[in-house]
Amino acid sequence: MKQIIMTAVVGLVSLSPLQAQNIPVYLDETKPVEQRIDDALSRMTLDEKIAVIHAQSKFSSPGVKRLGFPDLWTDDGPHGVRPDVLWDEWVQAGQTNDSCVAFPALTCLAATWNPEMARLYGENLGEEALYRKKSVILGPGVNIYRTPLGGRNFEYMGEDPLLASWMVVPYVQGLQSKGVAACVKHYALNNDEEYRHQVNVVISDRALHEIYLPAFKAAVTEGKAWSIMGAYNLYKNQHNCHNAILLNKILKQDWGFDGVVISDWGGCHDTNEAVTNGLDLEFGTWTDGLTMGRTNAYDSYHMAVAYKKAIREGRYTTKELDEKVRRVLRLFYRTTMQREKPFGFLCSASHYEAALRIAQEGIVLLKNEPVKKGKSPLLPLDLSTMKRILVVGENAIKMMTVGGGSSSLKVQKEILPLDGLQARIKDVVIDYARGYVGDTIQSFDGVTVGRKLYDPRSAAELTAEAVEKAAKADVVIFFGGLNKAGYQDSEGHDRQQYGLPYGQDALMEALLTVNKNLVYVNISGNGVAMPWLQKVPAIVQGWFVGSESGEAIASVLCGDVNPSGKLPFTWYASLEQCGAHALNTYPGTWREDHQIIDEEYKEGIYVGYRWMDKQNVKPLFAFGHGLSYTTFKIGKVTADKQQLSANEKITFTIPVTNTGSRAGAETVQLYISDKQASVDRPLKELKAFQKVLLQPGETQQVSLTIGSEALSFYDETRGEWKAEPGDFEALIGSSSDQLKQKISFMLK
Ligand code: BGC
């Protein structure tokens, strides 16, 4: 056998010079990619070049048929592979082979504080995409959580630039390791949804670079993302899909991005700006013909016939066009033309397992106290003492993978919380009461929701039923929160209130009058007000965790899994606690002509915990907060030096001990405080973290290393990062408000 293989190999090798004479350079895999691109480019006609820089259907753009480049298929993103839609319709095509696995929403991924989970996520999603023959996944999203009203916060990775950076890089790498491009979105400053096509963000350079750009930068410079999606909104009065500063200057020139800038669907508005300001591939433009379903609507794209005509008339040379085509060809070689891709799988057991693991690591135990002093905390549920559990709430029976906008999926399965609990708990009666009716929509883009949600009963009747049943139960588990309906956690609009919708607060109060053994599981991608917080002993943040929701949540509630998620954002007590709202900057101020709304990010760099520290305000739950069923001790921190110079690193070592009786994971967080600076600086900023799994009694030494870049700020006067010599302090602990370990050091 070995000999046969050897002969075959020798045969191939000896044939190759001969073959090489016949293979054009652009197809010759032995040649460097850039050479192949040059060759392909030199063979393409103007029409072929124009064709590859704009869409030909809702989600595809053409390859170059004559030369053998296949079409490029994109798809949403970011939580699973969206069902196929019709060629030029948003409605799903009704295929029977496109049901996917829904992975947890990105807020949940961020809450794992575990970059390995992000890698696992990317790899598994990549395999699903490969099976579905998609070469670009429209995600991940890394817009910063600036206001808890943001309709798409669930698709993003929280409020902190370092956390989002550390999580986005392995996601991108994992996905692209399968030969599927990430399309990191929405670049940039798309931090809320209301009037998203008209918002002009007014922001200081410092806040832009310190808060809103780092995750994009990391995705590009470290993750090596192959594509990026421009955002709908404007910055400095120019739409971001063709924004000269964001695309040409920062992304391409400063960060050296060699991939493709794709417009968000309908985000391109102007041929000249698109040509000159760095857009490479135009998608979703809602130009004339499109609304009418005209067959050649795609010719009306800004970078289609209008651009070709302008070149023919000599208004542009092909310089910009060739640059765009070069990038698109590079994307082809990385994806469609890459032969060494692995095989794809859809809905494999390994994908479900990955979705479950990520969900279990991301669920956050926000509060866990005993109902009576001296007793054990309410969670995990002590099933041996129980006869009857009452599950309350629409979110226990509502599919959350359907709805919310472009991230909506058609899943092969979604285990609902009530079903997950019923499957897990066998010897205790599980009763259910709806409690409230929220959103009863049964389908989104033609994908239907399994369970019928229509309920004609009045709020009073629903409450009465829930209260009556609660009085007889040993424990009540209330699944509430938001959902994927418009004006909730959903694209296109923001939430209209911080409080829970559909009368859930009143229901909660009513339940508490008859049963204090109440666990509240909040399903959302955003924080919500909790006026009843003090009265509820146990609160769990259950996010939108996808296909394995019910199983994941049940495993945490029952203690099969010890929760280890940490909040990726500050959970405000009220909207006024959030800087954007305290300064009345949201949603902005309409200009006189009512075309543009200016949203000035007046809080600057003081987003999330940075604002809380500055104002000295306590939120409901701090950034980085998350409890466990065991306890940890974070011991005395030591540093390997007291002083470092600009090109050196400093390592902090911290012993962490599991002081409880069951295995669990703790995330050690390192924040830096600049003791004297020439500019105003946040009291502290997250600069490193590490999650460690510890057996009962076990101690591990956690080492966290930073360089001088972690001490720097963006110097607006010079337009660059700067670390000023002087005194710093490292603050270490288990959340942004629990930083008991401190050590001082100096930058020389
Ligand atoms: C969304 C993008 C999405 C695209 C394609 C747009 O409306 O903003 O995030 O990828 O549609 O569905």
Side-chain angles (χ1 to χ4, degrees), residues 54-61 72-93 98 100 105-107 125 129 132 134-143 150-157 168 171-172 175 180-199 216 219 225-234 239-241 260-269 279 281-287 290-291 298 301 401-410 444-447 484 486 489-494 525:
H54 69 274
Q56 61 172 1
S57 76
K58 276 276 179 280
F59 284 99
S60 76
S61 58
L72 182 80
W73 280 90
T74 72
D75 206 1
D76 287 296
H79 305 142
V81 189
R82 181 179 177 154
D84 285 337
V85 298
L86 293 171
W87 188 255
D88 191 21
E89 300 290 342
W90 286 109
V91 151
Q92 63 131 346
D98 59 352
C100 66
L106 294 193
T107 28
L125 178 59
R132 297 271 314 280
K134 310 297 181 192
S135 293
V136 181
I137 282 292
L138 306 172
V142 285
N143 294 96
R152 293 185 88 171
N153 282 341
F154 71 100
E155 288 186 68
Y156 303 144
M157 298 194 186
V168 71
Y171 179 118
V172 169
L175 184 63
V180 177
C183 183
V184 185
K185 66 192 190 185
H186 306 89
Y187 181 72
L189 300 169
N190 185 186
N191 306 97
D192 51 65
E193 286 292 286
E194 213 57 62
Y195 318 115
R196 60 183 176 171
H197 295 272
Q198 290 158 289
V199 171
F216 287 104
W226 294 336
S227 68
I228 199 163
M229 186 187 292
Y232 283 138
N233 52 287
L234 302 90
H239 278 103
N240 289 355
C241 290
V260 171
V261 175
I262 299 180
S263 66
D264 196 350
W265 272 230
C268 178
H269 303 272
L279 178 66
L281 186 44
E282 181 183 1
F283 264 98
T285 301
W286 202 253
T287 41
L290 265 188
T291 44
Y298 294 90
Y301 272 41
T401 54
V402 181
S406 55
S407 60
S408 183
L409 297 170
K410 181 166 95 184
F444 183 85
D445 278 353
V447 179
K484 298 285 190 69
D489 279 327
S490 186
E491 185 176 335
H493 292 288
D494 291 328

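Values reported hereafter were calculated over all heavy atoms of this structure, with side chains retained and with hydrogens, waters and symmetry mates removed. Counting starts at 1 for both ligands and their atoms, following the listed order.
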Can a salt bridge be assigned to the pair Asp76 and Lys185 using a cut-off of 4.0 Å between side-chain N and carboxylate O?
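Result for this pair is yes, salt bridge flagged.
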Residues Lys410, Asp445: salt bridge by 4.0 Å N-O rule
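The answer is no: the pair does not qualify as a salt bridge.
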Quick one: look up the protein heavy atom nearest atom 2 (C) of ligand 1 and list residue, atom name and how far away it is.
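Answer for atom 2 (C) of ligand 1: Asp264 OD1, 3.2 Å.
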When you measure from atom 5 (C) of ligand 1 to every protein heavy atom, which one gives the shortest distance, and what is it?
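In this structure, atom 5 (C) of ligand 1 has Asp76 OD2, 3.2 Å as its nearest protein heavy atom.
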Within a distance under 4.0 Å of any heavy atom of [X], pick out the atoms of ligand 1 and give their elements.
X: Ser406; answer: 1 (C), 2 (C), 3 (C), 9 (O), 12 (O)
X: Lys185; answer: 2 (C), 3 (C), 9 (O), 10 (O)
X: Leu138; answer: 10 (O)

Return the NZ to CZ distance between Lys134 and Phe59, rounded to the nearest 0.5 Å.
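Separation between the atoms: 8.5 Å.
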Gap separating the CG atom of Leu281 from the SG atom of Cys241, nearest 0.5 angstrom
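Here the interatomic distance stands at 11.0 Å.
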Whether [X] and [Y] hold their rings parallel, tilted or perpendicular, with breakpoints at 30° and 60°:
X: Tyr187; Y: Phe216; answer: perpendicular
X: Tyr301; Y: His54; answer: tilted
X: His197; Y: Tyr232; answer: tilted

Below the 3.5 angstrom mark, is there an N/O of Arg82, backbone or side chain, next to an N/O of ligand 1?
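Yes.
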If I apply the N/O under 3.5 Å rule, does Tyr232 come out as touching ligand 1?
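Yes, since at least one N or O of Tyr232 sits under 3.5 Å from an N or O of ligand 1.
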For ligand 1, the portion of [X] having any non-hydrogen atom under 4.0 Å away:
X: Lys58; result: neither
X: Phe59; result: side chain
X: Arg196; result: side chain

Assess Glu155 for proximity to ligand 1: is some non-hydrogen atom of it under 4.0 Å away?
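Contact absent.
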Return the minimal non-hydrogen interatomic distance between Phe154 and Asp489, and the atom names on each side.
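The answer is CE2-O, 3.4 Å.
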